[in-house]
Amino acid sequence: MTEQQNNLNLAIAAEGECPSIACGKTQQYIVMATIRAPSYVASRRAPLDLVCVIDRSGSMQGPKLELVQRTLLFAVDSLDDGDHVCLVSYDNSIAVEFPLLPMTADNKARAKAAINALTPGGSTDLCEGLVRGIRELSQGRKSDVASVLLFTDGLANCGNTSESSIVQSVRKELGLPSLAESSSSSSSTSTPTNNNNNTNTASDEKLKASDKRTFTVNTFGFGDDHDANMLKKVAETTNGTYYYVDQEESIARSFGDCIGGLSSVVGQNIVLSLDAATGVTIKKVMSGFVTNAVTPSLSYEVTIPDLQSEEKRDILISVEVPATDEPVSVFPVLKATVAYQNVVSKQHDSQFTLFCIDRPVSPASFPPNIALDKQHNRIIVADALVKANEFGKNGQLTQGKEVINTAIQRVEESVSKEDPFCKGLIDDMKKCLKGLQSTSDYRSHGQQYMNMSHSAHSNQRTSHSAWAGQQEYTTSNREKTRNHYMFSS
């Protein structure tokens, strides 16, 4: 493994499935590029901008709205005076209850009064409420780290109500291309198409491209009746997270997990460049993130919105390595470069690593790379969850179960099957199977389980900390903040 890290910079490393392959023949080979964030505990963290979009339709009456109110009241008390908060509420009408203002003592009192004054009303114009929240943040943003948080328990039943129209409206408000024009994919395995507008691979151009400030949209779905498919698609538009609040008391855990992550962001607007060495061709890039081909088969870029303290992102690259006439002790395979905005230093930075392998006549026998195999299993599971959920959505429950069972079998037969992470993946998939037993099971918890799990395993970020397969994604700041909110709720 090769690795570079300097103080609070992101580290880029690469490793392969084995240290050497024979020189005399062309072979398929998998490389894993890993971007890792340092552990960072600041005496004063970076300021946050939070826009909370709250469903106050009639179905939120009672414990649901009361729990959201209690959580937000506690959040306001916990924020620093450099943080900014905005409150948008909606039923069949939209209201900016509190504009985006710093959390001074006076403004905290005003924000808490606005939270306490929320009362349930009529229908659910989710689309316009969310679009208004995005607009408030886009126009009034003050801080580098920012997010829109959507809280809802139901289905949109006025205004734009279809999943596609809501997602298109969100993309339009964010200035993103329509779904028909976008090259992004919800699958974790992608073979990207060429992007003619992205052909310059110079490091300074990458840093310029990453200068645009982005923010996430995180969605919180309560109970059995919300549209999990839509909420997850809205969240993944910005690589945010969909949280399934399966029990009313879970809101404190989910919200604390989200805030703990947002308050520990160390790198933003991350671009990972993958450049094949001479003679090597890239066959497939396996990633849950937007991936573009700069030069097909030779050069690709993976866009990752942010990394939080202690997090990592593992990208698998399938390559074809050419034969050589003679043994080569150091054979270059792939250069991986990460360019990003360092939130801690307020500067742009880049790191790179050149991955090489040994090309002897007769390679020695090596044990399998367990770390790489674990991430391959994660990608298998993430892809299976997307496919199974689509079958469930279309009422094809048998096909959905077959997809999940096949993925379980592949993990159980893998070389990393005894690793606790892989055992957790199997446990998560067995829970998802329970949501494919009947149409009512799919609607009440199957779609929620599969969307929540895919969000976590595709992004390597927790969406439900109680699930076994997500334990490896937990960071100390997320756990600390999550516990802080849970014990105070």
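- When side chains are defined from C-beta on, Q470 counts as touching S463, because their heavy atoms get closer than 4.5 Å.
- Exactly one of T481, T475, N483, T462 qualifies for a side chain to side chain donor-acceptor pair (under 3.5 Å) with D257. That residue is T462.
- For A228, the side chain to side chain contact (heavy atoms under 4.5 Å, CB included) partners two or more places apart in sequence, or in a different chain, are H226, Y242, Q447, Q448, N451.
- Every residue two or more places apart in sequence or in another chain was checked for a salt bridge (charged side-chain N to carboxylate O under 4.0 Å, His left out) with R410, and none qualifies.
- Within 6.0 Å of atom NZ in K233, 12 or fewer heavy atoms from other residues, nucleotides or ligands are found, so the atom counts as exposed in its surroundings.
- With sequence neighbours left out, the side-chain hydrogen bond (donor to acceptor under 3.5 Å, both in side chains) criterion links D306 to R461.
- The side-chain hydrogen bond (donor to acceptor under 3.5 Å, both in side chains) check on D428 picks up H457, with sequence neighbours excluded.
- Checked for salt-bridge contact, E136 and R132 meet the test: a charged N lies under 4.0 Å from a carboxylate O.
- Annotation: salt bridge (charged side-chain N to carboxylate O under 4.0 Å, His left out) contacts of D427 (sequence neighbours excluded): none.
- Looking at residues two or more places apart in sequence or on another chain, you find no ring-ring contact (aromatic ring centres under 6.0 Å, His included) involving H376.
- Residues passing the side chain to side chain contact (heavy atoms under 4.5 Å, CB included) test with D358 are S20, S329, P360, sequence neighbours excluded.
- Across every non-hydrogen atom of V285 and I282, the tightest pair is CG2-CG2, 4.1 Å.
- Evaluation of the salt bridge (charged side-chain N to carboxylate O under 4.0 Å, His left out) rule for D153 yields K64 as partners, not counting sequence neighbours.
- Remark: S89 pairs with R56, E97 by the side-chain hydrogen bond (donor to acceptor under 3.5 Å, both in side chains) rule, at least two apart or across chains.
- A146 is linked by a side chain to side chain contact (heavy atoms under 4.5 Å, CB included) to D49, L137, R141, F215, counting only residues two or more places apart in sequence or in another chain.
- Comment: E472 does not engage R378 in a salt bridge, judged by the lack of any side-chain N to carboxylate O separation of less than 4.0 angstrom.
- D349 and Q351 are linked by a side-chain donor-acceptor pair at a separation below 3.5 angstrom, with hydrogens and angles left out of the test.
- When the side chain to side chain contact (heavy atoms under 4.5 Å, CB included) test is applied to K312, the partners found at least two apart in sequence or on another chain are T34, R36, D314, Q375, Q460.
- Scanning for side-chain hydrogen bond (donor to acceptor under 3.5 Å, both in side chains) contacts around K423 gives E418, with sequence neighbours left out.
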